[in-house]
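Hydrogens, waters and symmetry mates play no part in the numbers below; they use all other heavy atoms, side chains included.
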Amino acid sequence: MEKKKLIYRYIILSASYLFLTALFFAAGYSIGYRSGGALSEQVSAMVAASPAASEAADEMRRYRVILEDGELRLYSDENGISRLISAENISESPFPARDIAILKEGVSFEDQNDAFALMENFLS
């Protein structure tokens with residue numbers, strides 16, 4: 001009889017862990033789905049204000065995240081030369097059309113970590 005109670009206790013304990021895991025996953029998914037995606041907020045990019053600033057900006061390395069041919073690509077742009085750093089397949093269907101349109105135009109960053117963070121938001 002004691003062995004039977006112990007088995008029931010393990011079954012209930014295991015079922016509660018599975019239920020709580022599913023509950024937390026569903027709650028996180030619904031919160032993320034309602035937030036509107038990563039590009040709902042304004043994204044800042046460097047803008048050159050004067051010719052001197054423009055020349056300095058041309059020498060500076062920039063990072064560009066763009067959606068091309070079903071892939072989210074990260075480019076490093078320096079002195080007019082683009083170098084592909086990363087490319088990952090992505091499905092456009094779960095994201096708002098506005099975010100996809102912005103990605104297809106490309107989003108520029110001064111910092112590589114910011115560019116990677118944007119990619120991570122869409123790939124995770």
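Listed here is the closest heavy atom pair of Y75 and S82: CD2-CB, 4.3 Å. The minimum heavy-atom distance between M119 and L74, with the atom names listed, is SD-CB, 3.4 Å. Shown here for S76 and I85, the closest heavy-atom pair between the two residues is CB-CD1, 3.5 Å. Heavy-atom minimum distance, L103 versus L118: CD2-CD2, 4.3 Å. Closest heavy-atom contact between A115 and Y63: CB-CB, 3.9 Å.
With sequence neighbours excluded, the residues that form a salt bridge (charged side-chain N to carboxylate O under 4.0 Å, His left out) with D77 are R64. Residues meeting the salt bridge (charged side-chain N to carboxylate O under 4.0 Å, His left out) test with E68, sequence neighbours left out: R73. A search for side-chain contact (heavy atoms from CB on, under 4.5 Å) contacts involving S93 returns S91, not counting sequence neighbours.
For residues 80-95, the pairs satisfying salt bridge (Lys or Arg N to Asp or Glu O under 4.0 Å) are E92-K104, with sequence neighbours left out. Applying the salt bridge (Lys or Arg N to Asp or Glu O under 4.0 Å) test to pairs two or more places apart or on separate chains, none has a residue in residues 111-124.
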Sequence neighbours left out, cut at 3.5 Å: what donor-acceptor pairs do the side chains of residues 7-28 make with other protein atoms?
| residue | atom | partner | partner atom | Å |
| --- | --- | --- | --- | --- |
| S14 | OG | Y10 | O | 2.9 |
| S16 | OG | I12 | O | 3.3 |
| S16 | OG | L13 | O | 2.7 |
| T21 | OG1 | Y17 | O | 2.8 |

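By the 4.5 Å heavy-atom criterion applied to side chains, V107 and I66 are not counted as neighbours.
Residues F122 and F95 place their aromatic rings such that the two centres sit under 6.0 Å apart.
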